[in-house]
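What follows is one structure encoded as structure tokens, with my remarks underneath.
Computed from a prediction, not measured in an experiment: that's the story for all the values here.
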Amino acid sequence: YLLRIDCTEYQQGLSSSLIEIQKLVGAPDSQQEAKKGMITEWMKKTGGNGVLLIDEGDKMHPDIWVRLMELFDRGALTSGSGDRRTANFMYIIVTTNRGAKDLFPASVQSWTEAEIARRNSTVTTAELKGLYERPLGANDEKVLPREVINRVDAWLLSSPLSNETVVQIAKDEVERFRSELWKNGIILNVDIETIRFLALTNFKATDDGRQVRRQVRKYITDVLREVGKTGQDTSVLNIGIIKGAKNEMLLQALGRNLDVTVPGPVSNTRSPLLDPTVVKRIQTIPEVLSRRVLGQSEAVKSVSEALIAK
């Protein structure tokens with residue numbers, strides 16, 4: 001049994017901490033329209049067995065952590081109505097992206113699985129624990145209560161996703177799409193270059209697989225929606241990528257008497273060569289190098305041309 005608590009819904013400042021606590025453990029019976037708590041009702045239903053997943057735990061209101069200390073200390077949680085729910089065989093997992101940029105450089109996006117594994121092996125428990133014990137910036141207030149930190153049995157580091165893993169996630173999502181469409185008599189083919197394009201455009205190593213799956217599903221759904229409007233035979237669809245008239249990337253669906261295109265994802269990464277100031281500075285390189293590197297005019301010219309080549 002799995003219960004996931006999304007801590008972004010229980011943040012400080014969103015509403016009264018009492019209201020948020022009651023959503024999880026329930027309100028007293030004396031209150032009108034008293035609601036049952038999400039966690040306490042789940043524990044009642046499962047007999048205290050299962051996995052309680054506290055997702056993005058660093059964002060949860062501190063008062064809620066204090067309320068949950070009863071569960072961490074005694075293995076039981078009292079509901080708002082006074083009923084005691086006992087944990088029998090329960091794992092509590094807290095996840096977060098906190099400190100990802102401190103543990104891995106931006107270049108991790110291009111690392112191989114082996115390079116990521118080597119970095120993981122050097123990260124100590126003390127480093128991971130420290131991410132929750134101290135502010136990571138001037139306005140950072142997401143430090144976990146000391147009582148919670150001291151009750152963590154194991155600190156685990158989840159690896160950033162490498163490009164090869166991201167592409168595999170996208171391939172799996174396309175395969176799920178293929179299976180769904182097959183049941184409706186539609187054969188879907190998506191070439192590997194299109195899958196790579198959908199998987200890697202705007203993906204950051206600190207993201208997770210959900211973003212990849214959402215992007216793949218969104219754009220294939222966009223194509224199918226436009227295909228459906230044509231009224232043409234859709235028994236076999238081949239989806240690929242092509243460049244549009246303005247060099248934009250388009251998704252193209254081809255079938256019998258069918259040729260449909262829709263806009264693909266647009267990269268948020270702006271090339272520095274689109275900045276006139278950067279280009280102007282690069283263009284001064286030949287003059288500067290020619291004064292400092294004597295007798296190498298052809299080499300200087302080649303380097304300069306390579307820097308601004310499209």
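- Taking the side chain as every heavy atom from C-beta outward, Arg178 and Asn189 approach each other to under 4.5 Å.
- At least one side-chain heavy atom of Val262 sits less than 4.5 Å from a side-chain heavy atom of Glu226.
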Exercise for review: Would you please test Val123 and Leu103 for side-chain contact (heavy atoms from CB on, under 4.5 Å) and show each step?
Suggested key: CA-CA 8 Å; Val123 178; Leu103 295 173; 4.1 Å; yes
Check your understanding: side chain to side chain donor-acceptor pair (under 3.5 Å) between Asp172 and Gln168: does it pass, once the steps are laid out?
Key -> CA-CA 6 Å; Asp172 292 343; Gln168 184 58 55; 3.0 Å; yes
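- Salt bridge status for Arg67 with Asp63: absent, with no side-chain N to carboxylate O gap under 4.0 Å.
- Here the two rings, on Tyr132 and Trp155, have centers that are under 6.0 Å apart.
- Residue Arg74 places its CZ atom among 12 or fewer non-hydrogen atoms of other residues, nucleotides or ligands, all under 6.0 Å distant.
- Taking a cutoff of 4.0 Å between a charged side-chain nitrogen and a carboxylate oxygen, Lys243 and Glu248 do not qualify as a salt bridge.
- At a threshold of 4.5 Å between side-chain heavy atoms, the hydrophobic network of Ile, Leu, Val, Met, Phe, Trp and Tyr places Ile5 and Ile93 in two separate groups.
- Counting Ile, Leu, Val, Met, Phe, Trp and Tyr side chains that sit under 4.5 Å apart, directly or through other members, Leu250 shares a hydrophobic cluster with Ile242.
- A donor-acceptor pair under 3.5 Å is absent between the side-chain atoms of Asp233 and the main chain of Asn257, judged by distance alone.
- In plain terms, the two heavy atoms of Asn88 and Gly47 that are nearest each other are CB-O, 3.4 Å.
- Remark: Lys45 NZ is loosely packed, at most 12 non-hydrogen atoms of other residues, nucleotides or ligands lying under 6.0 Å away.
- Clustering ILVMFWY residues whenever any of their side-chain heavy atoms sit less than 4.5 angstrom apart, transitively, puts Val148 in a cluster other than the one holding Leu53.
- Put simply, Ile239 and Leu254 are part of two different groups of oily side chains (I, L, V, M, F, W, Y) that touch within less than 4.5 Å, one to the next.
- When only modelled atom types and interatomic distance are considered, Thr194 and Asp191 share a side-chain donor-acceptor pair under 3.5 Å.
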Review point. Run the side-chain contact (heavy atoms from CB on, under 4.5 Å) check on Asp222 and Arg225 step by step: do they pass?
Key: CA-CA 5 Å; Asp222 287 350; Arg225 185 181 299 114; 3.0 Å; yes
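- Across all non-hydrogen atoms, the minimal contact from Ile149 to Lys129 is CG2-CE, 3.4 Å.
- Within the 4.5 Å cutoff, side-chain heavy atoms of Leu181 are placed close to those of Phe177.
- Under a 4.0 Å N-O distance rule, the pair Arg85/Glu70 does not qualify as a salt bridge.
- The shortest non-hydrogen separation linking Tyr1 to Trp42 is O-CZ2, 3.8 Å.
- Met60 places a side-chain heavy atom less than 4.5 Å from the side chain of Leu68.
- In summary, Lys23 and Glu9 do not engage in a salt bridge, as defined by a charged side-chain N under 4.0 Å from a carboxylate O.
- Between Arg146 and Glu133 there is a salt bridge, since at least one side-chain N of the basic residue sits less than 4.0 Å from a carboxylate O of the acidic one.
- Within the 4.5 Å cutoff, the side chain of Thr86 has no heavy atoms near those of the Leu77 side chain.
- Other residues, nucleotides and ligands contribute only 12 or fewer heavy atoms inside 6.0 Å of the CZ atom of Arg196.
- Judged as a ring-ring contact (aromatic ring centres under 6.0 Å, His included), and not counting sequence neighbours, Phe72 has no contacts.
- Side-chain contact check for Ile116 versus Val108: some heavy-atom pair is nearer than 4.5 Å.
- For the atom pair Ile169 CD1 and Glu164 CD, the distance stands at 11.5 Å (nearest 0.5 Å).
- Counting only N and O atoms by type, the side chains of Ser162 and Glu113 include a donor and acceptor under 3.5 Å apart.
- Closest heavy-atom contact between Gln215 and Thr201: NE2-O, 3.0 Å.
- Cluster membership for Leu156 and Val94, using ILVMFWY side-chain heavy atoms within less than 4.5 angstrom, is not shared.
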Practice item. Give the intermediate values and the outcome of side-chain contact (heavy atoms from CB on, under 4.5 Å) for residues Ser235 and Ile186. Key: CA-CA 4 Å; Ser235 57; Ile186 300 174; over 6 Å; no
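- Note that the CG atom of Leu198 and the CZ atom of Arg213 stand 14.5 Å from one another [nearest 0.5 Å].
- Here the CD1-OG1 distance, from Ile241 to Thr261, works out to 13.5 Å after rounding to the nearest 0.5 Å.
- In terms of heavy-atom proximity, Val166 sits nearest to Ala199 at CG1-O, 3.4 Å.
- What you find for Gly26 and Thr40 is that their closest heavy atoms are N-OG1, 4.5 Å.
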**Study point:** side-chain contact (heavy atoms from CB on, under 4.5 Å) between Arg151 and Met69, worked out
**Key:** CA-CA 9 Å; Arg151 283 162 179 77; Met69 284 302 301; 3.2 Å; yes
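- Here the CD-CD1 distance, from Gln22 to Ile64, works out to 11.0 Å after rounding to the nearest 0.5 Å.
- Between Leu3 and Met43 the shortest side-chain heavy-atom distance does not fall below 4.5 Å.
- Checked by atom type and distance alone, the side chain of Asp6 pairs as donor or acceptor with a backbone atom of Thr8 at under 3.5 Å.
- Tracing side-chain contacts under 4.5 Å through hydrophobic residues (I, L, V, M, F, W, Y), one never reaches Leu24 starting from Leu2; they form parts of separate clusters.
- Under the rule for a side-chain hydrogen bond (donor to acceptor under 3.5 Å, both in side chains), Glu147 has no partner lying at least two apart in sequence or in another chain.
- In this structure, the separation between NZ on Lys36 and CG on Asp83 is 8.0 Å, given to the nearest 0.5 Å.
- Counting heavy atoms from C-beta outward, Leu161 and Phe203 have side chains that approach closer than 4.5 Å.
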Check your understanding: Asn97 and Glu56: side chain to side chain donor-acceptor pair (under 3.5 Å), yes or no, with the steps?
Key -> CA-CA 7 Å; Asn97 289 326; Glu56 299 199 55; 5.1 Å; no
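- Between Leu157 atom CG and Asn120 atom CG the span is 4.5 Å, to the nearest 0.5 Å.
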